[in-house]
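A short worksheet on the structure shown next.
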Amino acid sequence: MVRNKLSWKLVFYLISLNVFTKSLPIDQKEIDSTLRNTNVPEIKNLVSSPVSEAVQEEITVSTIESDKANETVARNKTRNSLNRQIRPGQSVRRYAIQLTLNGDSFDGRAVIDVELEQNTNEDPIVFHAEGLTVTSVEAGVFTEANAQPADFSQDDGLLEVEPTQVALSYILIIQYTAQLEGGGRGLYMGEGFDTSYIGMNLHPTHARRVFPCMDEPTEASTIRFTFDNMGYTNLIGNSLLEDNSETQFRALQGPPHLWGVVAHNMIPLSIPTSNVVLQARAGLAGQTSQADIAINSYFNNMNDWTQKDYFEIVLNQNNNFNILALPDVDREWHTLSTTGIWEPYLLMEQTHSITQRKAALVKIGEAIARQWFGYVIFPENWRYEWVVSGLASYSAWEMFKILQTGTVDNDITLLDVDSLFVADIIQESLLRDGYACSQPLESENDLFEEEDIRSHIYSNMKVKAPAILWMLRKVLGGEDMDFIQSAARALLAGRALQTVNTLNFIDALNSDWIFNGNDAVDDIYEFLEPWITLTGYPLIHVGLRQGGVLITQERFSITQQNHVHFIVPLTYTTSRNPNFEEPNTYPMLMMDATTTLNMALDEDEGEFVLFNIQGQGYYRVNYDGELWERIIDALNDPDSREEIHPLNRATLVDDALNLARSGRLDYDIAFQVVLSMEHETEYAVWKAFERNMNFLRKTLEAMVAEDDDLDPDIYLRMVRRTVIAVENELGFYPDPLINEPVMETLTRGLVMNHACRAGYRPCIAAAVDWFYDPNSNDPAVNPNIPHELRPAVYCAMVKEDDNDAIDALYARLEVVPTVYERVVILESFACSQDDDFIRTYLEETIAGNSPYTTEEKTRIFKAVAESSFENAFQALLFMTRRVNEIRDSYGGDEKLEELVFVLSENMVNFLANDFSIFVFAQNNNLDDSQMIAERALDHVNENMMWETRYLEYVYEWIDENDAPTLMVSLVLVFISFAVALFNH
């Protein structure tokens, strides 16, 4: 039994384990004058809008009717609070930080101008100082001249200083040492492919790892950095270097997390637009064409979209915008003028993977957008990060869409951004937001603890925030007015270099919407509140009634939660007069209670209604049985299917499988929707299939691995019945002489990867045929495999346990021209079913001489955990033994927690219990990540409840409803092998 094979090792181990101004000059006198006289305009709320009480577990119509006066007081209190937590009554006017590199550590000298309020001036001065070893502290009153040694102590990441004199203003001189961080956080050494550099990325809470500071978004101090002995030719950062200095940067005003610096020997590869420089390691010329086009378009269009000139953001900013292709880390930068982007998102071959291009164009857009939304405006407290992050992602996708809007109709070289946004943002967020471990966009309380901040920032927010903003745009305006854009412009103009919160954003929306918007909602905050303060979202149920349909709502989540009342923007169309285009994507009805719509749906003609046109709304839709039958009949007819917009076909698949997963729809109906995909070739629909069916694949494969009497190909039967159109119309052998639409290329790669991993023999036959170079005498990888097919081909060959293939891939790894191709190969090794190989592979990621970069290590672990039931066990075993090494080697707590969640997605069958033992083991070394691991365990338990209730039924349904296309599949297998033989 697999249980005996895998579990005893982990059980044995776990038993043992369980014992705001626009610009500020630098001169101090000018600072004092500016601080006294600056009058920064604020956006005023132009309408007195009632705000609902804090959302409780259950909201009813009566509770929304709250006291307006109290709400206004609460709103103003939130607007005016500064939310400082580390040491109330303390502020810092200036930092002067000098950092001197010393091997793999650095020495620091911080001169800090501190002010205290009179009622707290006898209390110790407190700073964050995580991982810093303070050697001395001196304190002077007003100046350094009278500085004297001060008592100090360090505990739990905090530095407390007690000056000998009692005063309101101090100059502190703090000497300290610290180790260089790893993995892209704080001050760190970056390295990859014979290239090294020193980076300083302080977002979100890593300033405390570089110098003693208050490290909170509301801290608007003047900060000046000096870097000595860095050992590199180029030193670039947010601001200009001081005149006649090669090491000291001019000071800028703002919180510490906005600073970034890179010391490097990289070379300029291109200048995509004026004063914007793309830099990378040597030898990569010729790989910048896609990045150059994107950067040029995004940067210039963002200047126009924001109406804020980039090079006039703040006095003394760097005259260039430096974009560096980092070989080793993938992290967000919120710094001005200098940003790092992981190399695969910037550099690619002329002929490249469309999947790579898709990811790169989004990542480049987000990195550029954060110059405005992340630096120019930043959150008042991390609980409001959703506003800033949402605007950055929203504007990035807008730039992406502008870039992909061609001048030629039906340009097949352009990506369908609308389909990608629905598939990769809205539907991805709907899936995650339904989990028990999901978090709201805006937390109930201010966030100050690092683990809470990490948990919030690296949550579903990345996709939910832009999804909600997109829906809000549709609610507030018509086709020609984007109120999200106008609000963004208002915030950038009125709160430049200041903090923002949710109410600032609402005020900015009101400033334009109140005069130019529609009357779809009476109060923006009242509409928005449940979407941002709660997890989950509405589920609309549509039932046939005499002469029309009855629409009700409930709160959707995978496991039941208390009901919450949403105001839901409804769009719909009927099969009699189908209209899936604008303006029908804008709300036709705002549903705040049970609603009846009068419409004639002829039963004899099988007429039906579809809600949520193009899947633009952040909700799911369920239909009663009769309507589902009519919809399924339409989906099974190729002609009527084509009349349904592809994004609505994708939404039907996505909704049906998630409704079945939550117990709100019988799998009989959901699988009928899925099986209609035998006619489907559109990317968005297949993405919905792949995302949701992967969950069933993992659970079914684990189930049959436990019982020899069960059919090991049970999931494969679903694949056989759904890939028919893709295989017949797109095929697994693209013609290199034909330029096909890039969205078809994406679809083929997605479907082939899924089908090969499921063991679909025609797919594997194609992989075997593609893999080896026909022009080589020795087994070598064919360099002409289409880029989009390489993940499927490589994985299939490794999974087939072909040692020659693995050797050939290792040889290929030495000569590949891009990091992206390297990652594709490294992820394919995770498909191996050899336990010894997988264990050694994982151990190599934490070895002192590991051949893999920081981000490659993360990708390897993820690929192993996701590749199979057996390999998920190996990944869990590795995690339980190597938590500290993973944390240190992969890039800190953020990466560790990311991988814990990846594990949780793959802990099926008995692995769920093993994961639980690990999470609650006394000596699991999770430390500050314990809380997040317990949230991940909630998700595991949620999946286990599904397994208990539905897995056997799912198996039986597939077993009993199989084989109408078995003969077709056998014919396709024969044809695939015949083609392979012919090509050889």
Side-chain angles (χ1 to χ4, degrees), residues 59-61 64 422 426 430 470-479 518-522 526-527 530-531 537-556 563-635 640-641 643-645 647-656 658-659 664-665 669 673:
I59 295 180
T60 62
V61 175
I64 295 177
V422 171
I426 296 177
L430 288 171
W470 179 251
M471 181 179 66
L472 184 61
R473 171 184 179 173
K474 296 282 186 177
V475 168
L476 297 182
E479 299 174 64
N518 56 31
D519 57 356
V521 296
D522 297 324
E526 181 180 338
F527 166 76
W531 304 91
Y537 41 83
L539 167 63
I540 305 306
H541 187 276
V542 182
L544 284 173
R545 294 295 182 271
Q546 186 69 34
V549 294
L550 177 69
I551 311 168
T552 58
Q553 69 161 286
E554 63 177 290
R555 182 183 184 183
F556 181 86
H563 176 66
V564 171
H565 198 80
F566 293 83
I567 302 173
V568 187
L570 298 181
T571 58
Y572 56 91
T573 191
T574 65
S575 56
R576 174 181 294 181
N577 297 300
N579 183 356
F580 293 93
E581 306 303 330
E582 293 189 357
N584 260 25
T585 59
Y586 288 82
M588 307 166 188
L589 172 68
M590 301 300 292
M591 174 187 176
D592 59 359
T594 298
T595 302
T596 301
L597 292 180
N598 295 323
M599 59 177 63
L601 297 174
D602 192 303
E603 179 179 359
D604 294 335
E605 295 295 324
E607 291 180 347
F608 57 89
V609 61
L610 288 179
F611 281 79
N612 197 9
I613 293 179
Q614 293 193 32
Q616 308 279 298
Y618 197 75
Y619 56 90
R620 298 198 185 278
V621 185
N622 197 2
Y623 303 90
D624 70 10
E626 175 63 25
L627 276 173
W628 273 118
E629 288 180 13
R630 297 182 190 182
I631 292 168
I632 291 167
D633 287 342
L635 291 173
S640 59
R641 183 184 184 90
E643 294 181 359
I644 302 174
H645 195 282
L647 291 180
N648 275 95
R649 303 202 298 267
T651 300
L652 287 167
V653 172
D654 194 58
D655 284 352
N658 280 280
L659 289 167
R664 294 173 172 87
L665 184 68
I669 295 175
V673 174

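Model, not experiment: these values are computed from the prediction.
- Counting only distance, with no hydrogens or angles, the side chain of Glu607 and the backbone of Glu605 share no donor-acceptor pair below 3.5 Å.
- Note on ring orientation: taking the six-membered ring where Trp is involved, the planes of Tyr618 and Tyr537 are perpendicular (angle over 60°, cut-offs 30° and 60°).
- Using a 4.5 Å heavy-atom cutoff, the side chains of Leu610 and Leu652 are in contact.
- A donor-acceptor contact shorter than 3.5 Å is absent between the side chain of Glu643 and the backbone of Pro578.
- Checking side-chain atoms of Arg620 against main-chain N and O of Leu659 turns up no donor-acceptor pair under 3.5 Å.
- For Asp602 (side chain) and Gly606 (main-chain N/O), no donor-acceptor pair under 3.5 Å exists by modelled atom type.
- Using a 4.5 Å heavy-atom threshold, the side chains of Arg664 and Leu539 count as touching.
- Annotation for Gly615 and Thr651: closest pair CA-OG1, 3.4 Å, computed over non-hydrogen atoms.
- With contacts defined as side-chain heavy-atom distances shorter than 4.5 Å, the pair Phe611/Asp655 does not qualify.
- Across all non-hydrogen atoms, the minimal contact from Met591 to Thr595 is CG-OG1, 3.8 Å.
- For the atom pair OG1 (Thr573) and CE (Met588), the distance works out to 6.5 Å, reported to the nearest 0.5 Å.
- Looking at Arg630 and Leu544, their side chains come closer than 4.5 Å, going by heavy atoms from C-beta outward.
- Side-chain atoms of Asp624 and His541, non-hydrogen and from C-beta on, do get closer than 4.5 Å to each other.
- Interatomic distance, Met599 CE to Arg576 CZ, rounded to the nearest 0.5 Å: 10.5 Å.
- When every heavy atom of Val475 is checked against every heavy atom of Ala520, the shortest pair comes out as O-CB, 3.6 Å.
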Can you check side-chain contact (heavy atoms from CB on, under 4.5 Å) on Val521 and Leu476, steps first, answer last?
CA-CA 8 Å; Val521 296; Leu476 297 182; 4.0 Å; yes
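- Remark: side-chain polar atoms of Tyr619 are paired, donor with acceptor, to backbone N or O of Pro569 under 3.5 angstrom.
- A heavy-atom distance below 4.5 Å is not found between the side chains of Tyr572 and Val542.
- Side-chain N or O atoms of Arg555 include none that pairs as donor or acceptor with a backbone N or O of His563 at under 3.5 Å.
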Show your reasoning for whether side-chain contact (heavy atoms from CB on, under 4.5 Å) applies to Phe556 and Asn658.
CA-CA 10 Å; Phe556 181 86; Asn658 280 280; 4.2 Å; yes
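- For the pair Gln553 and Val568, the tightest heavy-atom approach, listed with the atom from each and the gap, is NE2-CG2, 3.9 Å.
- Taking all atoms of both residues into account, the shortest heavy-atom contact from Pro530 to Val564 is CB-CG1, 4.3 Å.
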Please evaluate residues Lys474 and Glu582 with respect to the criterion salt bridge (Lys or Arg N to Asp or Glu O under 4.0 Å), reporting the C-alpha separation (whole Å), side-chain torsions for both, the decisive distance (0.1 Å), and the verdict.
CA-CA 11 Å; Lys474 296 282 186 177; Glu582 293 189 357; 3.4 Å; yes
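- The residue from Asp633, Ile632, Ile644 that alone fulfils the side-chain contact (heavy atoms from CB on, under 4.5 Å) condition with Phe608 is Ile644.
- Using a 4.5 Å cut-off on side-chain heavy atoms (C-beta onward), Val609 and Leu597 make no contact.
- The closest donor-acceptor contact from the side chain of Asp654 to the backbone of Ala650 lies at 3.5 Å or more, if one exists at all.
- Looking at heavy atoms from C-beta onward, Thr585 lies out of side-chain contact with Thr571 at the 4.5 angstrom threshold.
- Distance check: Leu601 CG to Ser575 OG gives 6.5 Å after rounding to the nearest 0.5 Å.
- Separating the OG1 atom in Thr596 from the CD1 atom in Ile551 is a distance of 7.5 Å, to the nearest 0.5 Å.
- In this pair, Tyr623 and Trp628 present their aromatic rings perpendicular. The plane angle is above 60°, beyond the 30 to 60° band.
- Between the CG atom in Asn648 and the CD atom in Gln616 there is a gap of 9.0 Å [rounded to 0.5 Å].
- Across every non-hydrogen atom of Phe580 and Gln614, the tightest pair is O-NE2, 2.6 Å.
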